Amino acid sequence: MPETLYERIASGIREQIGQGLYRPGDRLPSVRHQRSQLGVSASTVLQAYGQLQDQRLIEARPQSGYFVSQPVHMPPPPTMSKPVFSPAEVTVSGLVMEVVQAIEAPDMIQFGAALPNTTAPAIGRVHRMLARAARSPRNRNASYAFPPGLPELRLQIARRAVDAGCSVSPDEVIITNGCQEALVLCLRAVAAPGDTVAIESPSFYGVLQAIESLGMKALEIPTHPLKGISLEALELATEQWPIKACVLTPAFSNPLGYCMPDDKKEALARLLEKKDLPLIEDDLYGELGYGPSRPRTIKSWDQDGRVMLCSSVSKTLEPGLRVGWTSPGRYFQKIEHLKLVTSMATATLPQVAVADYLENGGYDRHLRSMRSQYRRNRDICINLIARYFPEGTRVTRPEGGFLAWVELPGNADAMTLYHQAMAQRISITPGPLFSPKNRFRNHIRINYALDWNEGREQAIEKLGKLLSRML
Ligand SMILES: Cc1ncc(COP(=O)(O)O)c(C=O)c1O
């Protein structure tokens with residue numbers, strides 16, 4: 001039985017679609033029409049439409065309204081990874097450099113780099129705040145913002161951590177050059193060359209490169225495409241190998257997009273305590289969930305300061321600002337010192353502008369708009385993949401962020417597809433980047449942050465044709 005008002009409305013519309021009142025491709029009544037017809041608020045209608053979108057019954061088209069979806073066969077999620085269960089040296093850097101430089105070319109149809117949509121009005125507002133900070137007569141803006149970083153920015157970050165279930169004081173936050181620097185500093189604080197670090201599988205290639213450059217070894221833990229790493233496998237691994245730390249992205253990971261359920265996060269926090277292991281928690285996509293509430297961080301269950309939370313504004317605002325941070329618990333002093341010797345400080349002006357924006361710029365409104373845009377783009381992305389990619393393709397359906405992980409059918413080779421697509425000026429990220437030893441040869445990652453247009457839809461069709469030919 002439907003419980004809430006919006007669920008009752010959604011159920012009524014579902015029935016109407018079932019009775020053929022609205023057929024695939026038909027436009028549904030506008031939100032304004034429904035609002036006055038049903039005597040409810042616009043947000044209730046939007047919630048009802050949101051639920052029907054989640055169920056892929058309807059889709060929103062920018063500036064046009066809501067339409068009944070064409071019934072397509074939805075591809076299932078990728079299978080669970082089964083990595084080799086022993087620590088490995090990492091060899092991804094050469095390939096990462098080649099791919100990262102190539103996918104950024106300006107005339108490319110971009111599905112490759114994990115860039116957010118930077119055409120939002122919020123970005124203009126941040127730039128104006130940056131210009132204002134540059135014009136400020138305050139000498140301080142021209143000086144070093146020595147670690148831990150600008151106090152007003154640390155205050156804003158500590159305030160926002162409350163939504164993630166964390167009680168962090170501004171004095172526990174260190175500003176870094178993006179999340180990447182935060183991850184590297186945390187790794188250096190808890191592990192040394194030759195040490196083994198447990199990671200999810202597939203894993204963000206920035207973490208792999210960091211492990212490689214620090215001379216550490218990576219141990220891939222089997223990872224469920226919807227729920228994250230296997231805790232049983234992690235526990236077993238700690239009994240077999242001298243693991244020094246774990247690095248995980250439990251909220252909308254890159255590239256899997258999974259969100260670890262809360263009970264599992266809590267169980268993981270207890271396992272870390274039992275095994276006396278530190279965790280580097282990458283929460284970069286945590287504010288981009290499509291659901292009603294922001295996911296809690298594992299750090300919110302941390303009782304003794306072993307979780308080092310890392311994030312930045314790279315995916316919610318823009319990566320060029322290079323404003324990131326870590327809240328590293330008991331490792332604070334070590335990381336503060338490492339930050340000083342590594343880069344002295346993070347640039348001052350972007351810190352001033354981001355602090356100003358977080359306080360006065362309407363960040364939450366911006367996030368709400370990006371989330372619904374990304375959710376809409378995800379649905380269209382999955383529909384296009386279902387329509388154009390060969391049978392047997394599997395794809396994730398992330399509940400946050402803007403990255404889809406695609407498992408290609410048969411013996412399709414991601415590197416061959418990558419090169420063929422590049423020749424047609426289409427960028428994708430090939431799967432081998434996400435494993436220490438270049439596995440995932442039949443996977444690719446697709447970025448769906450940008451709104452769909454004819455060119456982007458045709459590019460997916462072309463990728464599908466290349467794949468069909470390859471098979
Ligand atoms: C999971 C993850 N962590 C960290 C980073 C690096 O972020 P930043 O640009 O803030 O250094 C990225 C960038 O793509 C990422 O996807």
Side-chain angles (χ1 to χ4, degrees), residues 92-93 96-97 99-101 103-104 110-118 123 126 149 153 157 160 173-187 197 199-213 218 223 228-229 246-260 279-289 295 297-298 308-328 339 342-343 346-347 350-351 354 358 374 396 398 400-405 427-431 433-435 445-449:
V92 287
S93 286
V96 171
M97 210 61 205
V99 171
V100 167
Q101 286 173 346
I103 54 188
E104 291 222 305
Q110 286 283 358
F111 298 111
L115 298 172
N117 186 343
T118 50
I123 306 304
V126 177
L153 178 58
I157 291 162
R160 294 203 69 81
V173 176
I174 300 170
I175 306 299
T176 57
N177 291 313
C179 186
Q180 181 68 23
E181 189 185 43
L183 296 172
V184 173
L185 296 178
C186 292
L187 269 172
V197 178
I199 57 169
E200 53 209 358
S201 161
S203 198
F204 166 52
Y205 53 78
V207 168
L208 294 174
Q209 288 188 100
I211 292 175
E212 179 175 356
S213 74
T223 306
I229 59 156
C246 299
V247 188
L248 296 178
T249 312
F252 321 119
S253 72
N254 172 6
L256 271 183
Y258 76 83
C259 188
M260 193 182 271
L279 169 71
I280 301 171
E281 181 176 12
D282 184 340
D283 187 44
L284 194 57
Y285 298 88
E287 292 193 301
L288 291 176
T297 52
I298 297 172
M308 293 168 264
L309 191 67
C310 300
S311 192
S312 78
V313 295
S314 296
K315 308 298 165 179
T316 53
L317 291 173
E318 68 173 12
L321 291 163
R322 305 313 297 138
V323 171
W325 57 87
T326 175
S327 169
K339 166 68 188 170
T342 306
S343 56
T346 293
Q351 292 190 61
V354 170
L358 293 183
Y374 291 153
T396 52
F402 45 77
L403 304 168
W405 181 241
S427 79
I428 54 170
T429 311
L433 257 68
F434 300 91
S435 121
R445 189 192 71 187
I446 298 271
N447 176 346
Y448 55 79

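Note that ligands are numbered from 1 as they come in the structure, with each ligand's atoms numbered from 1 the same way. All values derive from a computational prediction rather than experimental measurement.
- Partners of S253 under the side-chain hydrogen bond (donor to acceptor under 3.5 Å, both in side chains) rule, at least two apart in sequence or in another chain, do not exist in this structure.
- Between the side chain of E212 and the backbone N or O of V92, at least one donor-acceptor pair lies under 3.5 Å.
- Side-chain N or O atoms of Q351 include one that pairs as donor or acceptor with a backbone N or O of T346 at under 3.5 Å.
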Write 'none' if nothing qualifies; otherwise put on separate lines each N/O atom of ligand 1 with a protein N/O atom under 3.5 Å away and their distance to 0.1 Å.
unit_1: ligand 1; atom_1: 3 (N); unit_2: D282; atom_2: OD2; d: 2.5
unit_1: ligand 1; atom_1: 9 (O); unit_2: S314; atom_2: OG; d: 3.0
unit_1: ligand 1; atom_1: 9 (O); unit_2: R322; atom_2: NH1; d: 2.9
unit_1: ligand 1; atom_1: 10 (O); unit_2: C179; atom_2: N; d: 2.7
unit_1: ligand 1; atom_1: 10 (O); unit_2: S312; atom_2: OG; d: 2.7
unit_1: ligand 1; atom_1: 10 (O); unit_2: S314; atom_2: OG; d: 2.7
unit_1: ligand 1; atom_1: 11 (O); unit_2: C179; atom_2: N; d: 3.1
unit_1: ligand 1; atom_1: 11 (O); unit_2: Q180; atom_2: N; d: 2.9
unit_1: ligand 1; atom_1: 11 (O); unit_2: R322; atom_2: NH2; d: 2.8
unit_1: ligand 1; atom_1: 14 (O); unit_2: K315; atom_2: NZ; d: 2.7
unit_1: ligand 1; atom_1: 16 (O); unit_2: N254; atom_2: ND2; d: 2.7
unit_1: ligand 1; atom_1: 16 (O); unit_2: Y285; atom_2: OH; d: 2.8

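- Not counting sequence neighbours, the partners of C259 by the side chain to side chain contact (heavy atoms under 4.5 Å, CB included) test are F252, P295.
- Residues passing the side-chain hydrogen bond (donor to acceptor under 3.5 Å, both in side chains) test with T396: none are found, sequence neighbours excluded.
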*Worked check of side-chain hydrogen bond (donor to acceptor under 3.5 Å, both in side chains) between T342 and E181*: CA-CA 9 Å; T342 306; E181 189 185 43; 5.4 Å; no

